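None of the values given here were measured: they were computed from a predicted structure.
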Amino acid sequence: MSLNNTLPPAGLMRRLGALFYDTLIIIAIEMMAAGLVVAVLHAFMAMGIFNVAPYLDVSDFLSNHPIWSPVYTLYLAIVWIYFFVYFWTRAGQTLGMRAWKIQVRDLNNRPITVTQALIRLGTSGFGLANLTVPFDPQKRGFHDIWAKTQVVVLPKVK
């Protein structure tokens, strides 16, 4: 019998708990990523390499510059996407999923691919796809159906 059949699917509350944990972690990582860019720009200003004029400060520059604002936003989006893709494809768990003892796998009980992770992330609706879990007989979210993945509850370690 495969491990796939012995592990129960994760319910909505576990998924939302893990999502909440991951949200806190993502906020911290995004703050560090943003802080790195701001610190580098301030260092460049101190060395005389960079000037924010006519903008008020670095924050105003990063928020309103016609070229660098979209680049900065893209950078922060890539950091956010990389977090999920990295953890889902390596261990099948983000840090929040590890705390809630759930794991994402493909339908053959293997780690998911980068493509599956991107499909899962792109169709997740920032976690709202989990709201379809109670309505699916196999307790899959909308994003799990599209990515051909499953989220299972891991057994307790004895």
Kindly say whether Val104 contributes a backbone atom to a donor-acceptor pair with the side chain of Thr149 at under 3.5 angstrom? no
Taking the side chain as every heavy atom from C-beta outward, state whether Leu7 and Gln103 have any pair of such atoms under 4.5 Å apart. no
Which residue pairs pass the side-chain hydrogen bond (donor to acceptor under 3.5 Å, both in side chains) test when at least one of the two sits in residues 34-63, sequence neighbours left out? Asp60-Asn64
Heavy atoms of Ala10 and Val133 approach each other most closely as O-CG1, 4.0 Å
Sequence neighbours left out, what pairs pass side-chain hydrogen bond (donor to acceptor under 3.5 Å, both in side chains) with at least one residue falling in residues 9-18? Arg15-Asn130, Arg15-Asp144
Show me the donor-acceptor pairs, under 3.5 Å and distance only, between side chains in residues 71-87 and residues at least two apart or in other chains.
| from | atom 1 | to | atom 2 | distance (Å) |
| --- | --- | --- | --- | --- |
| Thr73 | OG1 | Ser69 | O | 2.9 |
| Tyr75 | OH | Ala33 | O | 3.1 |

Minimum heavy-atom separation for Tyr21 and Gly96, please, with both atom names. CB-CA, 3.6 Å
State yes or no: do Val37 and Trp68 share one hydrophobic cluster built from I, L, V, M, F, W and Y residues joined by side-chain heavy-atom distances below 4.5 Å, directly or via other members? yes
Tell me whether Ile26 shares a hydrophobic cluster with Ile102, the cluster being built from Ile, Leu, Val, Met, Phe, Trp, Tyr side chains joined at under 4.5 Å. yes
Please check: side-chain N/O of Gln116 versus main-chain N/O of Thr89, any donor-acceptor pairing under 3.5 Å? no
Mark yes when over 12 heavy atoms from residues, nucleotides or ligands other than Met31 sit less than 6.0 Å from its CE; otherwise mark no. no
Quick one: does any side-chain atom of Asp106 pair with a main-chain N or O of Asn108 as donor and acceptor, under 3.5 Å? yes
Nearest-0.5 Å distance that lies between atom CG in Leu24 and atom CG in Leu95: 11.5 Å
Any idea which heavy atoms bring Pro9 and Lys139 closest together, and the distance? CB-CB, 3.8 Å
Straight-line distance of Thr113 OG1 to Arg120 CZ, nearest 0.5 Å: 12.0 Å
Rounded to the nearest 0.5 Å, what separation is found between the CG atom of Leu16 and the CH2 atom of Trp100? 9.0 Å
Is the number of heavy atoms from other residues, nucleotides or ligands within 6.0 Å of CZ (Phe50) greater than 12? yes
Pair Glu30, Ile27 - check side-chain contact (heavy atoms from CB on, under 4.5 Å), show working. CA-CA 5 Å; Glu30 290 287 340; Ile27 289 170; 5.9 Å; no
Transitively linked via ILVMFWY side-chain contacts under 4.5 Å: Val40 with Met32? yes
Check for me, please, whether Phe44 and Phe61 land in the same ILVMFWY cluster - side-chain distances under 4.5 Å, paths through other members count. yes
Trp88 side chain to Ala117 main-chain N or O, any donor-acceptor pair under 3.5 Å? no
Between the CZ atom in Arg140 and the CH2 atom in Trp146, the distance rounded to the nearest 0.5 Å is 13.0 Å
Closest heavy-atom pair, Leu12 versus Pro134, reported as atoms and distance to 0.1 Å, is CD2-CG, 3.9 Å
With the side chain counted from C-beta on, respond yes when Leu41 and Leu62 share a heavy-atom pair under 4.5 Å apart, and no when they do not. yes
Find out if a path of hydrophobic residues (ILVMFWY) with successive side-chain heavy-atom gaps under 4.5 Å connects Ile49 to Val38. yes
Which heavy-atom pair separates Met97 from Gln93 by the least distance, and what is that distance? O-NE2, 3.9 Å
